[in-house]
2 protein chains.
Amino acid sequence: MTLPLNTILSGDCIAMMDSLPAKSVDLVFADPPYNLQLGGELLRPNNSKVEGVDEEWDRFSDFAAYDAFTRAWLKSARRILKDDGALWVIGSYHNIFRVGAILQDLGYWMLNDIVWRKTNPMPNFKGTRFTNAHETMIWCAKSAETRYTFNYDSMKALNDDLQMRSDWTLPLCTGGERLKSGGKKTHPTQKPESLLYRVLMASTKPGDVVLDPFFGTGTTGAVAKKLGRNFIGCERDPEYIAAAKERIAKVIPVADPSVLMAISKRSEPRIPFGSVLERGLLNPGDLLFGGTRHDKVAKVRADGTLITDIHRGSIHKVGALVQNAPACNGWTYWHFQAGHDEFMPIDVLRQKIRAELH
Amino acid sequence: MTLPLNTILSGDCIAMMDSLPAKSVDLVFADPPYNLQLGGELLRPNNSKVEGVDEEWDRFSDFAAYDAFTRAWLKSARRILKDDGALWVIGSYHNIFRVGAILQDLGYWMLNDIVWRKTNPMPNFKGTRFTNAHETMIWCAKSAETRYTFNYDSMKALNDDLQMRSDWTLPLCTGGERLKSGGKKTHPTQKPESLLYRVLMASTKPGDVVLDPFFGTGTTGAVAKKLGRNFIGCERDPEYIAAAKERIAKVIPVADPSVLMAISKRSEPRIPFGSVLERGLLNPGDLLFGGTRHDKVAKVRADGTLITDIHRGSIHKVGALVQNAPACNGWTYWHFQAGHDEFMPIDVLRQKIRAELH
DNA sequence: GAATCATTTGAATCTTTAC
DNA sequence: GGTAAAGATTCAAATGATT
């Protein structure tokens, strides 16, 4: 079976997900309904307050229904996730704690909880509580043992070369981005594209398949299309589906795929230190220098090992030994003499070789 | 029975709470074990060791054991709470979702979840996830029908006459405030007094009784005494108790809490260039132009870096490289094409984002 | 003594590949 | 499956050392 890529499946998300092949999706992003147990359900039809044991039973039954629903869709999502896939859920204090506990119970492995700080939240008009100015997202891998995609360098770049933190400050979806029909908002809880931009940039690769079980008006699909990812949406409401289709059709994908690729040291090809010798960038007998004052010295041997008066081994091993450190990256630790008083890390030689590979 | 006010009860918190009269306490503040379940040792890039939390009190065999423990102490706490009392719990993603779900199951009524944004969190040294830069507190009333204390105006005053939001930006407990014994921290997870200050100012009145079931080194007691509230602590570890007693003895209550309200002024928020992309003000693949004749050209990548035929990096770095200059302010150097022959500096896009923050 | 630079540290579920 | 080796990786703030 081929996946219904870049389409919206009309119907209940559990049935829809169950119709897809197992281990076929790279990412699930879910914005499920918030807990329905609020307000009126605490009142009887005659408006008297529910009290005592009845109260607890009622409430338990409400939470139980929400829990059962949550468990069901999270189970279905887990089946279709690839083993190295991941899942995001967004919610508020009404539902996110139940969602989080069930995620853990099902074996998902939490990677972060992310706080979306709203720059422009709705104030608390009655002054009864703190302004509810954030929502919470949970990001988790399929299990504690599985791998997952995290474009660390992209996130760092997006944040002016500082590690991206677990709190994200972004505005609500308003203005031209907010879908309207007949002057009213099409969907009550449309999420901003900036939020999905960061989610997809962080945890997917170009070409990945992203499934959204509660597609709504298609923010996930719109951003996925823009960023060169494939999407699958599940949605029951025909009006939302129509709005999402129209919206996504207008999205222009980024034309140049090269601007989408994450650049990470981890994904670059490995270069053995021996290659540096084979290409004559260094020669057997050359000296390498380590330490802040370049006072540690080692001699390069023809087989690519280093030797000092007492140590012998790889650039990493000898680097660790001369520093008496548990570990060492020899590429950045060792320097060669490039001029009278100029030392350069041997990593530049590796870069030279890597450049030739392109 | 009279309450053991302003004392530390030595022993298990559940037994201690069960020994107190029902409906006798105005507030419970709890910093329970987080159930971190850390793996092996973790080294910083400089190879120094991170002191993790591996205390016996944070070890649980599985989620079921942690849940049973959580349910037990939350039940005991609920019995001793006055009907118009409230409870706070702090935690991280390791435990807070389980705590939150159990709170709801027991009939507590959530008022807010509060995010403590750390100004100086520990980074993610291995680049595997987002920097875990926050913890979560849940504030709840005893039930949906009960009243609770919220000093709305105090909170507004604390926040420059703006409603206090659900995200609080506060530094970790370090420096002189951090209790040390023999050069090492007395308690691995001592909370900052600023956090408790805000909690107690928000949700208690002078003279109220505040119980902390996991008293540790007594931050709750210290701030309670300072603010003219009464405290009751429960703690098992004699060393923590001794440190807390000594600490609290030194606290001088303040006559007028308003003198403590000095709150750091917010500085102009830093806007990473990546935000411009996330918000769609520029798009991946767009061209930027530098130089007086706009003859330097760079392409915007999806992660917020720029790329030319030979250079790659942040707006500042690439700006410097194309000019062969030591440094460059990319915000003013780079321009985007706003019309047929019109170029505008990308700084106007930053201004646009800043305006939304106010 | 002031200024500058180097070191330390904080609730952390913290690697990947080859053999 | 396990073990060993390669090699990638940190931010803010306080404290201590040096000039």
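Every chain is numbered from 1, with letters handed out A, B, ... down the list of sequences.
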Item to check | Distance, rounded to the nearest Å, where A/I315 contributes CD1 and D/dA5 contributes P | outcome: 15 Å
Next on the checklist: Return whichever of A/I271 or A/Q163 has its heavy-atom-nearest nucleotide of DNA chain D closer to the 5' end.
Outcome noted: A/I271
Next on the checklist: Looking at B/R178, I want to see if its CZ is surrounded by more than 12 non-hydrogen atoms of other residues, nucleotides or ligands under 6.0 Å.
Outcome noted: yes
Next on the checklist: Please report the distance, rounded to the nearest Å, between CD in A/E145 and C1' in D/dG1.
Outcome noted: 14 Å
Next on the checklist: Between D/dG7 and C/dC14, how far apart are the two C1' atoms, rounded to whole Å?
Outcome noted: 15 Å
Next on the checklist: Would you say B/N132 places a side-chain N or O within less than 4.0 Å of OP1 or OP2 belonging to C/dA11?
Outcome noted: no
Checklist entry - With a non-hydrogen cut-off below 4.0 angstrom, is B/G183 in contact with a base, only sugar-phosphate, or nothing? => result nothing
Checklist entry - Just checking B/P121: base, sugar-phosphate only, or nothing, at a heavy-atom cut-off of under 4.0 Å? => result base
Checklist entry - Under 4.0 Å: is that the gap between some side-chain N or O of B/R270 and OP1 or OP2 of D/dC11? => result no
Checklist entry - What is the distance from CZ of B/R178 to P of C/dT8, rounded to the nearest Å? => result 18 Å
Item to check | Separation of D/dA13 P from B/L170 CG (nearest whole Å) | outcome: 12 Å
Next on the checklist: Using a 4.0 Å heavy-atom cut-off, does A/G330 contact any base of the nucleic acid, only the sugar-phosphate backbone, or nothing at all?
Outcome noted: nothing
Next on the checklist: Using a 4.0 Å heavy-atom cut-off, does A/N112 contact any base of the nucleic acid, only the sugar-phosphate backbone, or nothing at all?
Outcome noted: nothing
Checklist entry - Quantified in whole Å, what is the C1' atom distance between nucleotide C/dT7 and nucleotide D/dT10? => result 14 Å
Checklist entry - Donor-acceptor pair, B/N35 side chain versus B/N95 backbone, under 3.5 Å? => result no
Checklist outcome for this item: Checking N1-N3 plus N6-O4 or O6-N4 for Watson-Crick, or N1-O2 and O6-N3 for wobble, each under 3.5 Å, the partner of D/dA8 is none
Checklist entry - Does A/W109 lie flat on the base of C/dT13, that is, centres under 5.5 Å apart and planes under 30° off? => result yes
Checklist entry - B/L42 side chain: which of D/dC11, C/dA11, C/dC14 is closest? => result C/dC14
Item to check | Any A/S314 side-chain nitrogen or oxygen under 4.0 Å from OP1 or OP2 of D/dA6 | outcome: yes
Checklist entry - Could one point to a donor on the side chain of A/K317 or the base of D/dA4 with an acceptor on the other under 3.5 Å away? => result no
Checklist entry - Given the P atoms of D/dT9 and C/dT16, what is the spacing between them in whole Å? => result 11 Å
Item to check | Distance test, side-chain N/O of B/K185 to OP1/OP2 of C/dG10, below 4.0 Å | outcome: yes
Next on the checklist: If you compare every side-chain N and O of A/H316 against the phosphate oxygens of D/dG7 (OP1, OP2), does one of them come in below 4.0 Å?
Outcome noted: yes
Item to check | 5' priority, DNA chain C, between B/K191 and B/K126 [closest heavy atom] | outcome: B/K191
Next on the checklist: Does either side chain, that of B/D237 or that of B/H187, offer a donor lying less than 3.5 Å from an acceptor on the other one?
Outcome noted: no
Next on the checklist: Is C/dT13 syn or anti, taking syn as a glycosidic angle within 90° of 0?
Outcome noted: syn
Checklist entry - Choosing from D/dG7, D/dA8, C/dG10, which nucleotide comes nearest the side chain of A/R266? => result D/dA8
Checklist entry - Roughly, in whole Å, what's the span from CG in A/N329 to C1' in C/dT16? => result 13 Å
Item to check | Euclidean distance for C1', C/dA11 against D/dT15 (whole angstrom) | outcome: 22 Å
Item to check | Minimum-distance nucleotide (side-chain atoms of B/L36 versus D/dA6, D/dT10, C/dA11) | outcome: C/dA11
Checklist entry - Is it true that the side chains of B/T186 and B/K180 contain a donor and an acceptor less than 3.5 Å apart? => result no
Next on the checklist: Could you tell me how far apart B/L43 (CG) and C/dT9 (C1') are, to the nearest whole angstrom?
Outcome noted: 14 Å
Checklist entry - Of the nucleotides D/dT10, D/dG7, C/dA12, which has the atom closest to the A/W331 side chain? => result D/dG7
Checklist entry - Starting at the 5' end of DNA chain D and moving along, which residue's nearest nucleotide shows up first, A/S264 or B/G176? => result A/S264
Checklist entry - Should C/dA2 form a Watson-Crick or G-U wobble pair with both distances under 3.5 Å, which nucleotide is its partner? => result D/dT19
Next on the checklist: Surrounding CZ of B/R312 (heavy atoms of other residues, nucleotides or ligands, distance under 6.0 Å), is the total greater than 12?
Outcome noted: no
Checklist entry - Is there a donor-acceptor contact under 3.5 Å linking the side chains of B/H94 and B/S92? => result yes
Checklist entry - Using a cut-off of 4.0 Å on non-hydrogen atoms, how would the nucleic acid contact of B/I96 be classed: base, sugar-phosphate, or nothing? => result nothing
Checklist entry - With a non-hydrogen cut-off below 4.0 angstrom, is B/N35 in contact with a base, only sugar-phosphate, or nothing? => result nothing
Next on the checklist: Suppose you measure atom C1' in C/dG1 against the same atom in D/dA17; what distance do you get, rounded to whole Å?
Outcome noted: 15 Å
Checklist entry - With a non-hydrogen cut-off below 4.0 angstrom, is A/L111 in contact with a base, only sugar-phosphate, or nothing? => result nothing
Next on the checklist: Any base atoms under 4.0 Å from B/P32, or only sugar-phosphate, or nothing? Heavy atoms, all strands.
Outcome noted: base
Next on the checklist: So, under a plain 3.5 Å distance rule, would you say the side chain of B/R44 forms a donor-acceptor pair with the base of D/dT9?
Outcome noted: no
Next on the checklist: Of the options D/dT10, D/dT9, D/dA12, whose atoms approach the side-chain atoms of A/K265 most closely?
Outcome noted: D/dT9
Checklist entry - NZ of B/K317: more than 12 outside heavy atoms within 6.0 angstrom? => result no
Checklist outcome for this item: In Watson-Crick or G-U wobble terms, with both distances under 3.5 Å, the base opposite D/dA13 is C/dT8
Checklist outcome for this item: By the Watson-Crick or G-U definition, both distances under 3.5 Å, C/dC14 is matched with none
Checklist entry - Starting at CG of B/N120 and ending at P of C/dA12, how long is that distance when rounded to a whole Å? => result 12 Å
Next on the checklist: Tell me if the NZ atom of B/K126 is crowded by more than 12 foreign heavy atoms within 6.0 Å.
Outcome noted: yes
Checklist entry - Reckon B/T189 touches a base, only the sugar-phosphate, or nothing at all at heavy-atom distances under 4.0 Å? => result base
Checklist entry - If you check the A/Y152 side chain, which of D/dA13, C/dA12, D/dT10 turns out closest? => result D/dT10
Checklist entry - Rounded to the nearest Å, what distance is computed from the CZ atom of residue A/R165 to the P atom of nucleotide C/dG10? => result 18 Å
Item to check | Among C/dT9, D/dC11, C/dG10, the nucleotide that comes nearest once only the side chain of B/N46 is considered | outcome: C/dT9
Checklist entry - How about A/Y148 and A/W139: are their ring centroids closer than 6.0 Å? => result yes
